[in-house]
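We name chains A, B, ... by the order of the sequence lines, and we start the count at 1 in each one. Only this structure's heavy atoms are used, side chains among them; waters, hydrogens and symmetry mates stay out.
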Protein chains: 2
Amino acid sequence: MVPREDWNSVPYNMDWNDVPGMPWWRMSKRAHRSARRADALSKARIVEAAIEILDARGEAALTFRALATHLATGSGAIYWHIADRNGLLGAATGDVLARALAKVAKEKEPRVAIRAIALAAFDAIDAHPWAGAHLSREPWHAAVGEIFERIGEWLQPLGVPVHAQFDCASALTNYILGVAGQNAANARTLPRGTDRKAWLKGIASGWIQDDPESRPFLRRVAAQLSEHDDRQQFVAGVDFILAGACVKRNACSAMRSR
Amino acid sequence: MVPREDWNSVPYNMDWNDVPGMPWWRMSKRAHRSARRADALSKARIVEAAIEILDARGEAALTFRALATHLATGSGAIYWHIADRNGLLGAATGDVLARALAKVAKEKEPRVAIRAIALAAFDAIDAHPWAGAHLSREPWHAAVGEIFERIGEWLQPLGVPVHAQFDCASALTNYILGVAGQNAANARTLPRGTDRKAWLKGIASGWIQDDPESRPFLRRVAAQLSEHDDRQQFVAGVDFILAGACVKRNACSAMRSR
DNA sequence: ACCTGAACACCGTTCAAGT
DNA sequence: ACCTGAACACCGTTCAAGT
């Protein structure tokens, strides 16, 4: 049996097989490693566990203690593979969005293609609201660049004038991130199984009741507010931006006043 | 001198002037109160102090301990006037946005009016990024209802078809909140005095460098990305949504495919 | 009623120590 | 190299006690 001092003096890149007197359960580092590889700690495994916790119990439940328990390790071990909590959320967000964007079917029609990309982002964020929250907290995330590129590529074939393409791609990205943040907020405060319609009705009446005579527009659309479909409304917004970027200007009667 | 037990037995709504033996500095509750009113604790004063801290040192600096020190009181005292930290942020956000929206000049031209409202929100959030972060975390905030109403009112005179008005107002609100969240995120990570252009350049090259041959769109607009003006780009997005909501559809060549 | 501040129940993160 | 878990330096919030 080698005393501890000797173990510590073993260079980390040296195979422990070469250390005389090493106990069997420390022998053959590589063999040992590969045997345990399935459940060894790694960034991928940590991110996977984080996603499980985030999806099951929400962003607030992702603590290093909970994660360490879930992985049957110490909280400090996680820091060996990940910089900090924010990095972990970023990696989880990247995973979830990359997976969603990779699944988008190849399209030929520009508008259909853009819709498909936007909806892939929407659906991913709808399924993983914490990812939406992270993206709006960190809009320079690689996933945002991916969305920006994937949408931007289609603007030329769509017929958006060259000078408007950058602004158009930015507007779409901002819009998508805005919806992402909203979805995340809704999911955070509206636990599963809540009556969505009643909840929306409450918000609408809260917005109206301040001054009982005014707010005519909100009054007029209150019914739509509590009954609309988020996904459908999301697409409507995407279409507005695309149509507006194509149009020459002065589409509205009142917009002629340039 | 009245013993403590007697002080405690004084009903809270009873004037302390009526308690025999009350020390002078506790006498004349009303007079005492009005004399100290200027620096007595109140929700308004707490919110005001919170805004000062938020503007000066950012959202992370708003702790109950810092706030209590700033107000020369105990942290528990704040809870007498405010529900919790989130309520405090909400009140501060409401203050800042209500002030900004109240200052918007009356306009006659629909497009100009909508731009003015959107820009008022943009500028308020630009000056108080923490308010933007709060709004995207809590999109049912009264300020969002106000923005929604103020914009919505102009859609009819603008010429947006009735059936599209709700979707249009929602799209604009989502867009504004999206930009709000981004601004907040930028302000959080880009301390004052940082070279904005270099920072944006870094993001752009981070988005591109993954695969050196691909990402043609990003490559094409990289210069615009690092040099664009946020405010101007914000207005461009608003205009896209408005134009798109007015247009009959099929404005783009490739959009004719319904 | 309103205020005080210690105490409570958490956090993320670090780090000496283990293997 | 990689893992452990106690310790540290914070938080928001509560609450018995004061005035």
Side-chain angles (χ1 to χ4, degrees), chain A residues 1-16 19 21-30 32-33 36-37 39-43 45-46 50 53 59-69 71-89, chain B residues 1-16 19 21-30 32-33 36-37 39-43 45-46 50 53 59-69 71-89:
Chain A
M1 199 64 115
V2 174
R4 274 177 195 170
E5 290 70 35
D6 283 308
W7 284 10
N8 281 334
S9 71
V10 174
Y12 293 126
N13 53 356
M14 182 185 179
D15 198 318
W16 284 357
V19 181
M22 181 63 63
W24 68 268
W25 53 276
R26 275 290 147 193
M27 290 287 278
S28 183
K29 190 181 163 195
R30 201 178 297 103
H32 184 65
R33 279 286 210 82
R36 282 189 59 203
R37 178 148 322 183
D39 41 63
L41 216 49
S42 69
K43 177 158 174 171
R45 253 176 60 75
I46 292 170
I53 293 174
E59 188 181 326
L62 183 71
T63 67
F64 278 80
R65 279 160 244 259
L67 192 55
T69 304
L71 288 164
T73 183
S75 60
I78 296 163
Y79 280 91
W80 189 264
H81 301 273
I82 237 114
D84 51 21
R85 196 183 119 104
N86 201 53
L88 180 55
L89 274 167
Chain B
M1 201 64 116
V2 174
R4 273 179 194 168
E5 291 70 36
D6 282 308
W7 284 10
N8 280 334
S9 70
V10 175
Y12 291 127
N13 53 357
M14 182 185 179
D15 198 319
W16 284 358
V19 181
M22 182 62 63
W24 69 268
W25 51 276
R26 275 289 147 193
M27 292 285 281
S28 184
K29 189 180 162 194
R30 201 177 298 102
H32 184 65
R33 279 285 211 80
R36 283 191 59 206
R37 177 144 328 178
D39 40 63
L41 214 51
S42 69
K43 177 160 175 170
R45 253 177 60 74
I46 293 170
I53 294 174
E59 189 182 327
L62 182 71
T63 68
F64 277 81
R65 278 159 245 258
L67 192 55
T69 305
L71 289 164
T73 183
S75 60
I78 296 162
Y79 280 91
W80 188 264
H81 300 273
I82 237 113
D84 52 20
R85 196 182 119 104
N86 200 54
L88 180 56
L89 275 167

Worksheet, complete the sentence: Taken in chain and number order and not counting sequence neighbours, the residues that satisfy side-chain contact (heavy atoms from CB on, under 4.5 Å) with A:Thr63 are A:Arg65, A:Ala66

Item to complete: Check side-chain contact (heavy atoms from CB on, under 4.5 Å) between A:Thr69 and all other residues, then give those that pass, not counting sequence neighbours.
Response: none

Worksheet item: Who are the side-chain contact (heavy atoms from CB on, under 4.5 Å) partners of A:Tyr79, not counting sequence neighbours?
Response: A:Phe64

Worksheet entry | Euclidean distance, A:Ile82 CD1 relative to A:Lys43 NZ, rounded to 0.5 Å | 5.0 Å

Fill in: Separation of B:Leu67 CG from B:Ile78 CD1 (nearest 0.5 Å)
4.0 Å

Worksheet, complete the sentence: Parsed dot-bracket for DNA chain C after applying the Watson-Crick and G-U rules with both distances under 3.5 Å and | for other-strand partners is ||.|||||...|||||.||

Discussion item. Please determine whether a side-chain nitrogen or oxygen atom of B:Trp80 lies at a distance below 4.0 Å from atom OP1 or OP2 of C:dC2.
Written reply: yes

Fill in: Main-chain N/O of A:Leu62 paired with A:Arg85 side-chain donor or acceptor, under 3.5 Å
yes

Worksheet item: Could you state the CG-P distance from A:Leu71 to D:dG5, rounded to the nearest angstrom?
Response: 13 Å

Response to the item:
Minimal heavy-atom distance between A:Ala77 and A:Leu41, with the atoms involved, is CB-CD2, 3.7 Å

Item to complete: For nucleotides 8-14 of chain D, just jot down a letter per nucleotide in 5' to 3' order: B, S or -, based on protein non-hydrogen atoms under 4.0 Å.
Response: ---BBBB

Item to complete: Return the set of residues passing side-chain hydrogen bond (donor to acceptor under 3.5 Å, both in side chains) with B:Asp84 (not counting sequence neighbours), or none when no residue passes.
Response: none

